Amino acid sequence: MFDVSSPSKIYTTILSEVDKLLLSFKNPAKDEELEIAWKSAKQNLSVSRQEILDSLSELEKNAEWDVFTIAFYGETNAGKSTLIETLRILLAEPGKAKERQEFSRKVEEYGKIQAAITKTHQNMDSVTNKYKDKFNDIDNQLKNISLQLQKNAEEIQSLKNEVDKLNSAAQLEKKGSVANFFKYLFRKLPSQKALKNTLKEIAEKESGIVIVNGQQNELLQSKEKLNDELNGQVNEIKEKQEQLNNEASLLSTQIKAHNDGQIIGDGRSDFTRDVTSYRFEAKGQKFALLDLPGIEGNESLVLGNINVAVQKAHAVFYVTSKSTPPQTGDKGTEGTLQKIKKHLGHQTEVFTVFNKRVKNPNSLNERLVDEDEAGGLQALDKIMHSHLGKQYGSTYSLSAYPAFLAVANCWQNDFASKKEKFIGHFASPQTLIDRAKVQAFSAWLTTDVVSNCKAKIKKSNLMKTVGVLNRTVAGIHEIIKQSAKAHKDIVEREKSTRIQLDDAKKIFKKRLKAATNTAIQNFKNDARNKIYEDIKQEMNDSDFKDALEKYIKEGIENLQSSLEEEVNRIIDIFKEDVYDIMTKHQKDAEELLALYSKTGKFDKKFELNIDIKSGINWFEHLMSFSGSAVGMIVALKAVLFVKILVVIGLVVVVAKFIYDLFRSAESRKAQQRKSADENIEKIGQTALESINSNLAEAYKSLDTGIGDIKEELAKTHDRIIEVNKILANAESNLTRLAAAIKIEGEK
């Protein structure tokens with residue numbers, strides 16, 4: 001049935017079929033009133049076609065046909081990124097493998113630099129030790145010289161003291177005798193000889209001090225030279241150390257940049273906002289994993305990315321950290337379950353991944369899922385099956401965080417300390433990852449899930465087009481549903497309006513009858529009062545005849561004028577009553593249609609567009625009746641004047657009879673009053689009969705007008721029925737098209 005040789009041909013074929021279905025409806029109604037209903041239905045179908053076109057174009061743009069794609073979908077902070085990062089490591093995703101190689105290379109370089117830094121420290125120790133011995137030798141020599149200088153100074157001081165003593169002794173000896181005096185002059189005294197020797201010794205010692213000071217200066221210069229040499233070598237080593245430390249610091253930063261876990265959230269909501277794709281190949285099958293933003297974050301930031309990712313995906317893993325069914329929303333707020341149904345309602349395969357939160361190694365037992373959790377997951381599977389049907393698979397339980405720590409490259413971050421803690425608790429990293437069940441999940445993913453990819457890709461993408469059609473069908477069905485409710489209520493509204501129109505017509509007829517009777521009575525009273533006043537003045541029969549004829553003519557003219565005015569007033573009241581009834585009917589009908597349009601869950605672009613005013617020219621009908629009624633009243637004048645000639649003839653006959661039989665004035669007055677009463681009553685009755693006859697003709701126009709209005713009222717729900725017929729046809733055809741595409745996808 002369908003050309004599935006290429007993705008573009010698939011979408012083109014489907015859109016062509018939709019065009020045939022939605023654009024092939026011909027106007028089934030020949031009357032002008034139902035033309036509006038047909039146009040309304042066509043307008044909604046045109047909107048449906050455009051939405052299908054937009055959705056198919058979006059699918060064609062975003063759908064993946066070459067690589068089997070799996071979307072990791074779920075709540076914020078459920079561990080989607082942690083699981084994907086672990087799988088990237090285990091399955092050697094090319095980007096991750098390259099990153100880890102770079103990590104290892106940088107760590108190796110860092111080790112070499114650290115070895116070089118250690119060597120510089122050893123060189124520093126060797127140099128300082130070497131110069132330390134030389135400094136010690138010089139310091140020892142300087143110490144000996146210092147001791148020698150100190151000793152010489154002490155000896156010189158002692159000799160100087162001896163000089164003072166010898167000088168004193170020479171003075172005493174000089175005074176002892178003349179001989180001593182002359183000896184003193186020639187320095188022959190023993191003390192003087194001893195003084196000379198002492199001064200000579202002092203001079204010799206002072207000369208020795210000069211020599212020792214020279215030696216001391218030479219040693220100090222040697223020490224200063226050695227110190228300069230030492231500082232030079234130390235500074236050279238320090239510069240080397242600084243250079244190596246800078247290189248080590250830079251490498252450490254670079255290593256951190258290649259740490260595993262860069263994509264893992266830090267607990268903040270909406271840490272992941274963009275969709276990232278990671279491509280793999282296992283056992284000859286190419287596939288991709290999509291890391292989606294969390295569905296419980298700020299949807300205004302991430303909803304578009306989620307929708308695009310879901311359109312690309314051929315299978316979805318719903319990742320949750322809760323072993324309970326997803327929650328439904330409160331009033332006016334979508335819950336997780338509603339979001340899952342909305343986002344994943346058209347996927348070929350959907351699985352739940354229960355990612356158990358484990359932050360302490362003591363919590364990671366051999367039995368990963370306890371009894372309570374197992375019961376909750378069974379309930380979750382049941383709920384998911386009920387909402388997603390056959391496309392839902394089952395639940396897979398694991399704990400991504402410990403598995404990540406077991407295999408991750410971690411450098412100077414929180415993961416590093418936690419990795420050490422977890423691995424220290426277990427015998428080996430392999431034991432840890434086995435407990436976490438992620439490696440087994442990886443094996444299942446690359447065998448059971450990623451298999452027969454071409455067929456799965458085709459099925460998934462065709463099912464998405466089925467989803468597009470089903471959404472449109474649901475929208476059309478919702479219009480039909482709401483339209484049916486509106487039809488039911490509008491029919492009830494119509495019944496009430498019909499009753500009100502009948503009541504208004506009855507009241508109108510009663511008012512006309514009362515007005516006619518009042519007008520006739522006023523005519524009779526007025527004519528009677530006037531002729532009675534003339535009779536009191538004693539009229540002859542000829543004057544009586546003329547006066548009565550005059551008053552009757554005047555009365556008829558007044559009757560026609562006053563009755564026309566009163567009929568017009570009553571007609572205006574009637575028109576206002578009908579106007580209010582019809583306005584209320586239209587308002588109520590419009591409010592009902594608006595209410596059902598607003599309460600519908602279908603796309604707001606659809607409209608329950610039924611123009612309830614179209615074709616109901618009730619004002620024209622009322623104007624037609626009004627003209628008829630007033631015209632009938634105006635026509636009374638000519639009719640009544642013909643009748644009056646007959647009555648006047650009666651007056652003459654009666655007058656002659658009275659003239660012949662009675663001659664007294666009082667008798668004549670009584671007889672004239674009697675004749676006036678009879679003639680006035682006769683004219684009144686004739687007028688009443690004529691008016692009622694004419695009104696009876698006018699009532700036929702009224703009944704026709706009200707009947708026409710009632711027929712127009714019925715056409716309101718006829719239009720709704722017609723809209724529903726056209727939409728039901730489209731719903732049926734699109735449903736069959738969706739079923740055919742589904743069958744094609746199963747092949």
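All figures in this text were calculated on a predicted structure; none of them were measured in a lab. For this chain, numbers begin at 1 and follow the sequence in order.
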Closest heavy-atom contact between Leu364 and Pro402?
-> CD2-CB, 3.8 Å
Taking the six-membered ring for Trp, are Phe441 and Tyr396 parallel (under 30°), tilted (30 to 60°) or perpendicular (over 60°)?
-> perpendicular
Is a salt bridge present between Lys98 and Glu102, judged by a nitrogen-to-oxygen distance below 4.0 Å?
-> no
Can you sort out the partners of Phe103 under ring pair (Phe, Tyr, Trp, His ring centres under 6.0 Å), two or more places apart, ordered by chain and number?
-> none
Centre of Tyr401's six-membered ring, under 6.0 Å away, within 45 degrees of the axis: is that where NZ or CZ of Lys359 sits?
-> yes
Decide if atom NZ of Lys256 counts as having more than 12 heavy atoms of other residues, nucleotides or ligands within a radius under 6.0 Å.
-> yes
How about Gln114: does its CD atom have over 12 heavy atoms from other parts shown lying under 6.0 Å from it?
-> yes
Full working for side chain to side chain donor-acceptor pair (under 3.5 Å) between Gln430 and Gln439 = CA-CA 10 Å; Gln430 187 60 47; Gln439 197 159 43; 2.8 Å; yes
Measure the shortest side-chain to side-chain distance between His258 and Arg100 over non-hydrogen atoms and say whether it is less than 4.5 angstrom.
-> no
Taking atom CD of Glu224 as the centre, report whether more than 12 heavy atoms of other residues, nucleotides or ligands fall under 6.0 Å from it.
-> no
Can Lys132 be said to sit on top of Phe135's aromatic six-ring, NZ or CZ under 6.0 Å from centre and within 45° of the ring axis?
-> no
Sequence neighbours excluded, every pair satisfying salt bridge (charged side-chain N to carboxylate O under 4.0 Å, His left out) that has a member inside residues 423-445 = Glu366-Arg435
Charged N-O contact under 4.0 Å between Lys205 and Glu155 | yes
Could you go through the side chain to side chain donor-acceptor pair (under 3.5 Å) check for Ser249 and Ser252 one step at a time?
-> CA-CA 5 Å; Ser249 177; Ser252 180; over 6 Å; no
Decide side-chain contact (heavy atoms from CB on, under 4.5 Å) for Ile237 and Val127; before the verdict, give the C-alpha distance in whole Å, the side-chain angles of both, and the deciding distance to 0.1 Å.
-> CA-CA 10 Å; Ile237 294 172; Val127 168; 4.1 Å; yes
side-chain contact (heavy atoms from CB on, under 4.5 Å) assessment of Val450 paired with Ile70 = CA-CA 9 Å; Val450 182; Ile70 304 168; 4.1 Å; yes
Under the ring-ring contact (aromatic ring centres under 6.0 Å, His included) rule, what pairs show up with a residue in residues 69-102, not counting sequence neighbours?
-> Phe72-Phe317, Tyr73-His343
